[in-house]
2 protein chains.
Amino acid sequence: MLSDIEICRTTPLSSIDTVAYNAGLEKTEYTPHGRHKAKVSLNTLERLKENPEGKLIVVTAITPTPLGEGKTVTTIGLSQGLAKIGESVMACIRQPSMGPVFGVKGGAAGGGYSQVGPMEELNLHLTGDIHAVTAAHNLASAAIDARIYHEQRLGYDAFSERNDMKALRIDPNQVVWRRVIDHNDRALRMVTVGQNQPEKTVNGYERQDGFDISAASELMAILALASDLKDLRKRIGKIVVAYDLDGNPVTTEDLQVAGAMTVTMREAIEPTMMQTLEGVPTLIHAGPFANIAHGNSSIIADSIATKLADYTVTEGGFGSDMGFEKACNIKANMSGKTPDCAVVVATLRGLKANSGLYDLRPGQPLPDSIFQEDAQALEAGFENLKWHLNNVAKYGVPAVVAINRFPQDSEEELNKLALLVQAHMPEVKVAISDAFGQGGNGAVQLAKAVVESCKEEIRFAPLYKLEQPLEEKIMAVTELGYGAGAIKLSEQAKVQLAQFKAQGFDGLALCMAKTPLSISTDASVKGAPNGFDVDIREFKLCAGAGFIYALCGNVMTMPGLPEKPAFMNLDIDDEGNIVGLS
Amino acid sequence: MLSDIEICRTTPLSSIDTVAYNAGLEKTEYTPHGRHKAKVSLNTLERLKENPEGKLIVVTAITPTPLGEGKTVTTIGLSQGLAKIGESVMACIRQPSMGPVFGVKGGAAGGGYSQVGPMEELNLHLTGDIHAVTAAHNLASAAIDARIYHEQRLGYDAFSERNDMKALRIDPNQVVWRRVIDHNDRALRMVTVGQNQPEKTVNGYERQDGFDISAASELMAILALASDLKDLRKRIGKIVVAYDLDGNPVTTEDLQVAGAMTVTMREAIEPTMMQTLEGVPTLIHAGPFANIAHGNSSIIADSIATKLADYTVTEGGFGSDMGFEKACNIKANMSGKTPDCAVVVATLRGLKANSGLYDLRPGQPLPDSIFQEDAQALEAGFENLKWHLNNVAKYGVPAVVAINRFPQDSEEELNKLALLVQAHMPEVKVAISDAFGQGGNGAVQLAKAVVESCKEEIRFAPLYKLEQPLEEKIMAVTELGYGAGAIKLSEQAKVQLAQFKAQGFDGLALCMAKTPLSISTDASVKGAPNGFDVDIREFKLCAGAGFIYALCGNVMTMPGLPEKPAFMNLDIDDEGNIVGLS
């Protein structure tokens, strides 16, 4: 079989004008960026406001291996399958981060014959949204340190008088806005800044800081959750970046940088339209990393798609405890648009990895043995799929299992998994998908199952209501959601929780940051654990995004590169074509 | 008068298809990015290779104030003036950096009625070239630290065996590749990275580092100097990022990251086409900061423009000791295309600032008094203009003085300056330019002078030949060029110079990094100094760009934000328009 990039390069794509026309956009409602990408104007929503809303299908998964179980392949394949059976459909996915592209996982354009093309444009810069988030984020960082420097250097009164501005009196030990970069750069997890002479001699200028990956920026969550440019501006102004010497929050508005940050993100608020290899219009917006971020495509993209098409297929990162939980408890709650159907992607290798019978090491390839038939491992791992189906049911959303076929898989074992689902969960539809190998034709059965499921009545119920106290929301997500036995807050987390409540942030939503490799907060615990402890080491206030961010266990907000990173395979050939991208 | 952004917004622009057609491009030779920008394919050069080359005009300046003396205004205005008198013309400028946009100087799209539009697209992300440089640069940084980490963690032999790769044995104290960011972020000038636990315990992982502004990246110079994609790939692979424990250079090729860096910059190698407010096709490519970088527009952009138009107007940053020197000694030497005429921009305020009679403070606005008539200050400052005219003459390039008019300037004093030039330098043409206030109509006289000058015979002579030893090249630029009396190398610089020579890099060009606010290496020395010392504190090898980079005096490769940065003025209005950008 050809490589992903070879398949993409040899598949003829329509001009973006054709794609936009097919999607139902008028000429004035999009701006082409290159031959195969276009920014879609938010004015579109104004014209379409009376249109009925189509169905929203959220693709989620079992607890995945570090390589992923093909959620994007299935999302793209399903959209192509729906098109094959004559439905009006669009896909909404997130912009890939360069971190995984150059790291372990590779690109996030799907794969095989279910890709968004041109995949190299999607996987690298796209239309620059992540760069815009990075730039706007780090502008605030530069603003913070410059303000500390000048106020400390001149003294508060002199600074204030000379510039006719209030001194902010930022406590250098209470800067909570870390910097960001869109790379897997382990060395930047913790750094000391402000060490140059002579600035270093200014009191408080040298301080501990660190970089997160850009997808984990509060600005990325704001981009995903904002309803329009005005809302973006308002949310950005609410971001708390530090505390002053009296413990009062200092916002980007206080720094007078919120306007410039919004200006920097003004183009990023428009979703980018591309197409699948079979021509299904696809909107790309916001960022990945549903483990350490909100990690869903944007409310704006979903709104446009559901107004234009009868079916919108979107995805929430990792297992249903991760992106899907946030799609329901954070995103649906803010947008008012609830999922009509959840597709749970399962693979033989992924379930076997959940059996606990394999020695899997982070950063290392999966063992070949995982692709051999093994009834015991499959049945043991099946518990994980059951857990995720039960989890989806908690939200009142009907589920369809998509068994994503890998080339090495045995036909018999794939059928056996389908029978296991039917035997244990007779109310759940199941389909084997060969979207990777056959594109939309490989996902027709899945598409039909999804259409049937979307006819079911929805009794959507998020796990919590915003007006509940923060403690109850944490209990809802961890105990009701994960099935945890107890929540253990660090001393720091306890103090922070009390502080946020005292500051009037009790009504915010909750965004969990934890390992995606287990339902628990310990990556080594596979299968379907319950009664485990959830260790919350730290909370962060994301007042602009509208949630409190909880860091669990030893989760990292900056990934690292493995010993043999994917970037080593990338190059250009003699004709200037990219090779080695997947 | 309207603000820059108001003028730009209320001036109707042609579609980019019209601009490209007017420039002589075929439909397949450019890719639109939005309605007013297009990436120009390098295939264009293949079609045009038999075309005659047009004239190349380099706009330079006197020693400027920190706000600049209107070099871009004059570049754009002159191109519009040439169009007004019926000449075929294109402009080539550099992409603005966000640092100055958000810092002191503001945008770099020109101003008034001589701007490139839409100025907010030019001044912010454009088509993402600087973001691509930043991403490719920092990918190498992540690769370096990851390699150090894994090799040290596992031990060289275990690393090598496990991954079937040679251990690079990078000396953590000899990493010479700093990180970059496109912001004025003083706090990042010197940092310590690798401080997170448990990685910190790995020997050599915690180390001193720092960030430069992206325009100062060697990758930006490579982008400006590369002849095509293959040359880009080759140059990137030659970059020396560190030394191993035996003192041997470690390149990006050794790290197997050069291919991925090239892939990341594959779109950036295409210049972006835009238009001036009067419709003159303009190519934007590579980055600014001719003080701490090569700081000229690209060879590729110049090549395309000179093949398409009879006159190409480009600019070299700051005074003729800075960007123009590099245009001649580095760029012309690599491209083989020499300047046909130099336009030296002078302003009344800039010359008076060079008189030494004003108390000018970095980061503070210019005093109002500098705009009042003052014969003594003007005559004292005139010495600086004379110096720059003599400097241009050293290269055998005919010069035209463009007196760039500010709204506050007195007519009498402007005329007086023109007379001073005529009296002291009768061979030099002079014109008062009101490109800011009147667009092309304000630059007709200047355009005519330039056309006349381009008829003169050129006896182009760079200050050095590449085959001269490095010491001689340094003497050529500083003594012949600047008029310095002596070169003082720090102990570190002496060691580095010997090392580079021993490693076979004696044949590289020289790229000086020094203050642009003086002809000397001391920013406080105004006017036309001579016989001064040039202190070189450090050399850097830029083997990919093809030069040795010399850091003089206390020049900083990362600017800082002032007390009241320009970002404070930026915001969106109720209609979503950007306000406060200039």
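Within the 4.5 angstrom heavy-atom criterion, only backbone atoms of A:Asn184 (N, CA, C, O) approach chain B. Only the side chain of B:Met98 comes within less than 4.5 Å of a heavy atom in chain A; its backbone stays farther off. Neither the backbone nor the side chain of B:Met261 comes within less than 4.5 Å of any heavy atom of chain A. With a 4.5 Å cut-off on non-hydrogen atoms, B:Ala258 does not touch chain A at all. B:Ala143 touches chain A through backbone and side chain together, each having a heavy atom under 4.5 Å away. Proximity to chain B is absent for every atom of A:Arg207, based on heavy atoms less than 4.5 angstrom apart. With a 4.5 Å cut-off on non-hydrogen atoms, A:Leu581 does not touch chain B at all. Neither the backbone nor the side chain of A:Asp182 comes within less than 4.5 Å of any heavy atom in chain B. In this structure, chain B has a heavy atom under 4.5 Å from the side chain of A:Leu124, while its backbone stays farther away. Both the backbone and the side chain of B:His33 have a heavy atom closer than 4.5 Å to some heavy atom of chain A. Using a 4.5 Å cut-off between heavy atoms, A:Ala132 contacts chain B through both its backbone and its side chain. For B:Glu120, the part lying under 4.5 angstrom from a heavy atom of chain A is the side chain only.
Across A:Asp574 and B:Lys230, no two heavy atoms sit closer than the pair O-CE, 3.4 Å. For the residue pair B:Leu255 and A:Phe567, the shortest heavy atom distance occurs at O-CE1, 3.6 Å. The shortest non-hydrogen separation linking B:Ala187 to A:Tyr205 is N-OH, 2.9 Å.
Side-chain N or O atoms of A:His125 include none that pairs as donor or acceptor with a backbone N or O of B:Glu267 at under 3.5 Å. Between the side chain of A:Arg233 and the main chain of B:Asp571, no donor-acceptor pair closer than 3.5 Å is present. At least one donor-acceptor pair under 3.5 Å links the side chain of A:His183 to the backbone N or O of B:Ala135.
Within 6.0 Å of CG in A:Asp157 there are 12 or fewer heavy atoms belonging to other residues, nucleotides or ligands. Surrounding CD of A:Glu161 are at most 12 heavy atoms belonging to other residues, nucleotides or ligands under 6.0 Å away. A 6.0 Å sphere centred on CG of B:Asp17 holds more than 12 heavy atoms belonging to other residues, nucleotides or ligands. The number of heavy atoms from other shown groups lying within 6.0 Å of CG (A:Asn554) does not exceed 12.
The choice from A:Tyr30, A:Phe159, A:Phe102 that makes the most heavy-atom pairs within less than 4.5 Å of chain B is A:Phe102. Most heavy-atom pairs under 4.5 Å with chain B, from the set A:Gly560, A:Gly210, A:Ala142: that is A:Ala142. Ranking B:Leu188, B:Val257, B:Leu139 against chain A, the residue ahead of the rest is B:Leu139, based on heavy-atom pairs under 4.5 Å. Ranking B:Ile148, B:Asp228, B:Val191 against chain A, the residue ahead of the rest is B:Val191, based on heavy-atom pairs under 4.5 Å. Contact count against chain A (heavy-atom pairs under 4.5 Å) is highest for B:Gly576 among B:Gly576, B:Pro565, B:Ser141, B:Gly580. No other option in A:Arg189, A:Lys200, A:His131, A:Lys39 has as many heavy-atom pairs under 4.5 Å with chain B as A:His131. Your options are A:Ile181, A:Leu229, A:Asn163, A:Asp145, and the one with the most heavy-atom pairs under 4.5 Å with chain B is A:Asn163.
Under the 4.5 Å side-chain criterion, counting only non-hydrogen atoms from C-beta, A:Arg35 is in contact with B:Thr31. Within the 4.5 Å cutoff, no side-chain heavy atoms of A:Tyr149 are placed close to those of B:Leu561. Counting only heavy atoms from C-beta outward, the side chains of B:Val263 and A:Ile572 approach each other to under 4.5 Å. Contact of the B:Glu199 side chain with the A:Met190 side chain is not registered, since no non-hydrogen atoms from C-beta on lie closer than 4.5 Å. With contacts defined as side-chain heavy-atom distances shorter than 4.5 Å, the pair A:Arg162/B:Lys564 does not qualify.
Note that CG of B:Asp209 and OG1 of A:Thr192 are 12.0 Å apart. Values are rounded to the nearest 0.5 Å. Atom-to-atom distance recorded for B:Leu570:CG and A:Thr262:OG1 is 10.0 Å, nearest 0.5 angstrom.
A salt bridge links B:Arg179 to A:Asp185: at least one charged side-chain nitrogen sits closer than 4.0 Å to a carboxylate oxygen. The pair B:Glu563-A:Arg153 meets the salt-bridge criterion, with a side-chain N (NZ, NE, NH1 or NH2) lying under 4.0 Å from an Asp/Glu carboxylate O.
Checked options A:Met556, A:Arg186, A:Met558; the residue passing with B:Asn196 is A:Met556 (criterion: side chain to side chain contact (heavy atoms under 4.5 Å, CB included)).
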Step by step, would you call A:Arg266 with B:Ile578 a side chain to side chain contact (heavy atoms under 4.5 Å, CB included)? CA-CA 9 Å; A:Arg266 204 183 60 140; B:Ile578 296 173; 3.7 Å; yes
